[in-house]
Structure formats: structure tokens, C-alpha cells
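Working notes for the structure below.
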Amino acid sequence: MKAVIYARYSDHTQREESIEGQLRECQEYADRNGITVLGNYIDRALSAKTDNRPEFQRMVEDSAKGLFDVVIVWKLDRFARDRYDSAHYKRLLRKNGVKVISAKENISEGPEGIILESMLEGYAEYYSAELSEKI
């Protein structure tokens, strides 16, 4: 199985080490599961509240080329913090034969995985909205 890693952090107050940690843990996940990582897509200081992220868009476009089977993210909130964007882009990737996998969240393939994934996506959006209110 061939994969790419998608990593990001939200703003300039976060440190570059955030990306290094995500990449390290995603690579460890790939190694444990016999997945070959072909490359990384990294967005720095860009929120996942929108899909306006250049490397994210490039990854989605590249998925149509059939070069990789899996996108590994540290956690699902790295992929999107909007549940509608998450569903939309996962569907696009799925049409291209690509699946999104979380390195840190154990989401099963069965029916219970559907509800867990939707809860994690909803929580990511909630967290982002609540943080915006606080700031």
C-alpha cells in the first residue's frame, strides 16, 4: 500500500515542531502497518476551517493520478475542521481510490467506525467554533 502524509498547523503562534511530530507519528503508523510513504503535503499556519489550503488542494488533485492509496493524517482534525468539507473531500478521494487514515484515532472499518468518525469530525468543528468565540 502506498501513502502520503498530510500535516498542518493553524497559525503562526504554533511551532514548526508541530509538523515534525505529526510527520514522525504518521511515519511510525505507516511502518507498523507495512505502508510505504511516498511523500508529504504540508500546510503551515493555515486553518482547516476552510479548504483554502494549497498543499491540501494539491494532494486532492494528485489523488486523481493514482499514485497513492492512502492519506495518513495525525488526527482527523488535521484533514478538516468543517464536517461538510471533510465529507466532500473524503468522497472525492474515495472516487480516486484513496482512503484517509488517522494515525492516532483507531477507527474501525465496521458500522461503529462510521459513527465514531462522524463524532470526531463534529467535535473538530465544535472545537474550532468554540475557540473562535473565546478569542
Side-chain angles (χ1 to χ4, degrees):
M1 187 176 302
K2 297 173 288 187
V4 295
I5 295 171
Y6 177 72
R8 67 157 194 89
Y9 62 89
S10 299
D11 60 44
H12 292 292
T13 63
Q14 293 175 299
R15 299 186 331 215
E16 185 67 23
E17 291 84 18
S18 169
I19 292 293
E20 293 169 8
Q22 290 176 54
L23 294 175
R24 182 181 60 254
E25 292 194 38
C26 289
Q27 184 63 58
E28 289 170 359
Y29 174 89
D31 293 344
R32 280 192 312 272
N33 291 282
I35 301 170
T36 303
V37 175
L38 302 176
N40 305 315
Y41 295 87
I42 300 169
D43 282 311
R44 290 172 172 82
L46 292 169
S47 171
K49 288 193 284 186
T50 74
D51 61 354
N52 188 18
R53 294 173 274 149
E55 285 293 288
F56 180 83
Q57 291 298 329
R58 190 168 71 87
M59 175 192 68
V60 172
E61 289 172 16
D62 287 352
S63 74
K65 298 174 185 174
L67 302 174
F68 52 91
D69 312 297
V70 173
V71 173
I72 302 172
V73 293
W74 179 64
K75 289 187 175 180
L76 292 178
D77 68 357
R78 301 299 87 194
F79 186 78
R81 284 198 185 264
D82 177 294
R83 63 190 184 274
Y84 300 109
D85 280 350
S86 184
H88 171 75
Y89 286 104
K90 283 180 182 176
R91 182 179 176 116
L92 277 175
L93 290 170
R94 195 169 35 249
K95 281 184 176 181
N96 293 332
V98 176
K99 180 180 179 184
V100 177
I101 295 176
S102 170
K104 299 303 286 181
E105 298 157 324
N106 188 16
I107 302 170
S108 73
E109 295 289 325
E112 61 279 353
I114 296 168
I115 192 70
L116 176 58
E117 189 170 336
S118 65
M119 287 174 54
L120 291 168
E121 291 167 341
Y123 180 75
E125 186 173 347
Y126 163 79
Y127 174 82
S128 184
E130 182 187 41
L131 189 61
S132 292
E133 284 181 358
K134 290 179 180 178
I135 296 176

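Quick note: numbers below take in every heavy atom, side chains included, and nothing from hydrogens, waters or symmetry partners.
Remark: Gln27 pairs with Ile5, Ala30, Asp31, Val37 by the side chain to side chain contact (heavy atoms under 4.5 Å, CB included) rule, at least two apart or across chains. Evaluation of the side-chain hydrogen bond (donor to acceptor under 3.5 Å, both in side chains) rule for Asp85 yields no partner, not counting sequence neighbours. With sequence neighbours excluded, no residue forms a salt bridge (Lys or Arg N to Asp or Glu O under 4.0 Å) with Arg53. Qualifying side-chain hydrogen bond (donor to acceptor under 3.5 Å, both in side chains) partners for Lys75, counting only residues two or more places apart in sequence or in other chains: none. For Pro111, there are no side chain to side chain contact (heavy atoms under 4.5 Å, CB included) partners, not counting sequence neighbours. Asn33 meets the side chain to side chain contact (heavy atoms under 4.5 Å, CB included) test with Tyr29, Ile35; sequence neighbours excluded. Taking Glu61 as the reference, nothing meets the side-chain hydrogen bond (donor to acceptor under 3.5 Å, both in side chains) condition, with sequence neighbours excluded. For Tyr41, the ring pair (Phe, Tyr, Trp, His ring centres under 6.0 Å) criterion is met by no residue, not counting sequence neighbours.
Atom-to-atom distance recorded for Leu120:CG and Ser102:OG is 7.5 Å, nearest 0.5 angstrom. Interatomic distance, Lys104 NZ to Glu28 CD, rounded to the nearest 0.5 Å: 8.0 Å. Taking OG of Ser86 as the reference point, atom CG of Asp77 lies at 10.5 Å (rounded to 0.5 Å). Once rounded to the nearest 0.5 Å, the distance linking NZ of Lys95 with CG of Leu93 reads 11.5 Å.
At a threshold of 4.5 Å between non-hydrogen side-chain atoms, the residues Leu76 and Val100 count as touching.
Val73 and Met1 fall into different hydrophobic clusters, where Ile, Leu, Val, Met, Phe, Trp and Tyr are joined by side-chain heavy atoms under 4.5 Å apart, directly or via other members. Val4 and Ile42 sit in two unconnected hydrophobic clusters of ILVMFWY residues. Membership requires side-chain heavy atoms under 4.5 Å apart, directly or through other members. Leu23 and Ile101 fall within a single hydrophobic cluster, where Ile, Leu, Val, Met, Phe, Trp and Tyr side chains are chained together by heavy-atom contacts under 4.5 Å.
Annotation for Arg91: atom CZ does not count as buried by contact number, only 12 or fewer foreign heavy atoms lying within 6.0 Å.
Sorted by first and then second residue, the salt bridge (charged side-chain N to carboxylate O under 4.0 Å, His left out) pairs with a member in residues 33-42 form an empty list; sequence neighbours excluded. A ring-ring contact (aromatic ring centres under 6.0 Å, His included) check over residues 71-102, counting only residues at least two apart or in different chains, returns the pairs Phe56-Phe79, Phe56-Tyr89.
Grouped by direct or indirect side-chain proximity (heavy atoms under 4.5 Å, Ile/Leu/Val/Met/Phe/Trp/Tyr only), Met119 sits with Ile115.
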Quick one: side chains of residues 63-72, donor-acceptor pairs under 3.5 Å with protein atoms, not counting sequence neighbours, listed by atom name and distance.
residue : atom : partner : partner atom : Å
Ser63   : OG   : Val60   : O            : 2.6
Ser63   : OG   : Asn96   : ND2          : 2.8
Lys65   : NZ   : Asp62   : OD1          : 3.1
Asp69   : OD2  : Lys2    : N            : 2.9

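Taking all atoms of both residues into account, the shortest heavy-atom contact from Arg32 to Ala103 is NH2-O, 4.5 Å. Residues Tyr6 and Arg78 come closest through the heavy atom pair CE2-O, 3.1 Å.
Using modelled atom types, one side-chain atom of Asp43 and one backbone atom of Glu55 make a donor-acceptor pair closer than 3.5 Å.
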